[in-house]
Amino acid sequence: MTTSYPRDMLGYGRRAPDPRWPNPGGTGPAKICVQFVVNYEEGGENAIIHGDKASEAFLSEIVGAAPWPGLRHMNMESIYEYGARAGFWRLWRMFTERSLPVTVYGVASALERSPEQVAAMQETGWEIASHGLKWIDYRDHTIEDERADMDEALELHEAVTGEKPLGWYTGRSSQHTLELAAERDFLYASDAYADDLPYWQETRTKPLLILPYTLDSNDMRFATPQGFNTGEQFYTYLKDAFDCLYEEGEKGQAKMLNIGLHCRLVGRPGRAQALARFLDYIGSKPDVWVATRADIARHWREHFPYKPSIQPSRLERDIFLRMFGGVFEHSPYLAERVLDRGIGQAHDTARGLSAAFAVAFRRASEAERLAVLRAHPDLAGRLALAGGLTAESSAEQASAGLDQLTPDELTRFTELNARYVGRFGFPFIIAVRGLDKHAILRAFEARVENDPATELATACREVEKIARLRITAILGE
Ligand code: GUN
């Protein structure tokens, strides 16, 4: 692989696909997809009675709690118990009364400790995705340990629910989590926050469908230092997020709104009212698709299946150099510099890769840039007549009809070439795409009169344009 920058900073870029969300009972596609996750973690959190080293410290009413090594933290434990005992049922009723579907992120060990709640989830057809074996932080786990926990989570999940989970979300993930998810056959994985739409991610084993999740429109912000203080703030935040995406959907750019919930947090009465108001708000709007993550993943797989394409950032070095070594005339070392600098998925488009090549060219020394200019053959020059051009140059010159000149035109080119090289010390270079021989001659006659600094800058810009056209010819638009 050549990729030395392993992140995707482009995604869908300027033009995200129109997801054409289903719209049961409506006409035309839905304007927004809303997806509610109820995290079921209570009973799977850190606790010494669960074999952990310390008590839980994350996402509770005790903001900024410290873990208690080796001790039971009875307040913390009972805060979590509230989620299982009371908060869950409040949420369950709220969604069930409105017939709204939900995806549960179920921690396998927590599900095992809550058979009544699991039965209720299944009674109402909630999707139960896997939220790992235990609700712990995987950042420091070895890949082998994390893989073993994933295996055990899946085995326990199936034993408890009778079904394999279709989706995976670790939460406090590691750098290996998505690679490990891709080793299995999930419909989707959700340990990512990078977009408003599902997307395919390349991994070592196979492409993985990501349904990105959210840590902002999420009740966890009630339990973090900079978070929601009141239900009103939560409601306003969710409503703004919904309205923003709904407006985008009205313009044909529909998106997906994730909302993350926790039984022990929003299940508290002082917060639950805000959620109820939000559910009623979206219920008052037409063309809203509320779906489980599994439904969304099935829709995406059907309408936007993975499509392999040439990805320069994932090519072996020698293949990359064979494909792109000729982008700058006789100067493959610039393609090497592009690789050494590091390219990622943002450079897998013609525009992105051209930008990386332009950076390499602009950062080359002046002597190197001059050498690139001098590496170009004259237009309609001796080399062209003798058939000694590179494939790229030959195609470019032929596309402008320079291989079909009349004797007078050839004489004119020969005179201008001599004058130009005498004046500037490099050949006249012009990106010929869209130009015929007459337009090229006109440009030639004008530019030969330029002052040297202006002409050097112009020639360099033309070389960058030629590079872009050569890359586009390989990758397509
Ligand atoms: N413009 C596009 N290709 C070429 C080339 O090979 N030589 C010169 N001089 N200009 C070009």
Side-chain angles (χ1 to χ4, degrees), residues 321-335 338 350-351 353-358 360-362 364 366-477:
L321 294 175
R322 239 179 290 146
M323 285 180 78
F324 298 102
V327 161
F328 288 113
E329 193 76 6
H330 294 301
S331 309
Y333 65 93
L334 287 172
V338 166
R351 194 200 295 263
L353 192 59
S354 303
F357 270 85
F361 181 62
R362 291 171 197 167
E366 190 164 333
E368 286 170 329
R369 265 179 286 130
L370 258 181
V372 173
L373 300 183
R374 290 189 182 126
H376 285 75
D378 282 340
L379 288 180
R382 260 200 303 272
L383 200 59
L385 294 175
L389 302 183
T390 60
E392 290 89 345
S393 176
S394 169
E396 287 154 4
Q397 300 214 21
S399 77
L402 300 186
D403 56 344
Q404 309 275 326
L405 297 178
T406 64
D408 283 355
E409 288 163 345
L410 193 53
T411 307
R412 189 70 192 125
F413 265 98
T414 308
E415 284 165 10
L416 280 166
N417 276 333
R419 204 169 137 221
Y420 185 98
V421 175
R423 215 165 126 61
F424 302 115
F426 51 84
F428 174 72
I429 299 167
I430 186 164
V432 295
R433 178 149 184 216
L435 302 178
D436 61 14
K437 56 190 177 184
H438 307 292
I440 293 171
L441 267 177
R442 277 197 301 279
F444 210 161
E445 279 160 357
R447 279 173 48 189
V448 77
E449 306 299 340
N450 274 343
D451 65 85
T454 305
E455 189 47 27
L456 177 63
T458 307
C460 286
R461 267 204 311 278
E462 292 299 314
V463 164
E464 290 174 19
K465 261 195 246 168
I466 292 169
R468 195 161 68 232
L469 291 168
R470 289 181 180 181
I471 289 168
T472 306
I474 299 167
L475 290 182
E477 295 290 347

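Sequence positions, counted from 1, serve as the residue numbers for this chain. Fair warning: this is a prediction, and the values are worked out from it, not measured in the lab. First listed ligand is number 1; within each ligand, the first listed atom is number 1.
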Original post:
For ligand 1, which atoms have a heavy atom of Phe428 less than 4.0 angstrom away?
Top reply: 8 (C), 9 (N), 10 (N)

**OP:** Step through the shown structure and confirm whether more than 12 heavy atoms of other residues, nucleotides or ligands are within 6.0 Å of CD on Glu366.
**Re:** no

Subject >> Proximal atoms of ligand 1 relative to Ile429 (non-hydrogen, under 4.0 Å) >> reply: 9 (N), 10 (N)

Original post:
Looking at atom 3 (N) of ligand 1, what's its closest protein heavy atom, distance included?
Top reply: Glu396 OE1, 2.5 Å

Original post:
What do you reckon, is CZ of Arg374 surrounded by more than 12 foreign heavy atoms closer than 6.0 Å?
Top reply: yes

**OP:** Would you mind checking which non-hydrogen protein atom is closest to atom 7 (N) of ligand 1, with the distance to 0.1 Å?
**Re:** Pro377 O, 3.0 Å

**OP:** Assign the ring pair Phe357 / Phe324 to parallel, tilted or perpendicular, where the plane angle (0 to 90°) is split at 30° and 60°.
**Re:** tilted

**OP:** Answer yes or no: does atom CZ of Arg423 have more than 12 heavy-atom neighbours from other residues, nucleotides or ligands under 6.0 Å?
**Re:** yes

Original post:
So which bit of Ile430 gets within less than 4.0 Å of ligand 1, heavy atoms only: side chain, backbone, both or neither?
Top reply: backbone

Subject >> Protein contact of atom 10 (N) of ligand 1 - nearest heavy atom, named by residue and atom, plus distance >> reply: Leu379 CD2, 3.4 Å

Original post:
Hey, which atoms in ligand 1 end up nearer than 4.0 Å to a heavy atom of Ser393?
Top reply: 5 (C), 6 (O)

**OP:** Starting from the C-alpha separation in whole Å, work towards a yes-or-no answer on side-chain contact (heavy atoms from CB on, under 4.5 Å) for Leu379 and Gln397.
**Re:** CA-CA 7 Å; Leu379 288 180; Gln397 300 214 21; 3.7 Å; yes

Original post:
So, the side chain of Gln404 versus the backbone of Gly401: is there a donor-acceptor pair under 3.5 Å, distance only?
Top reply: no

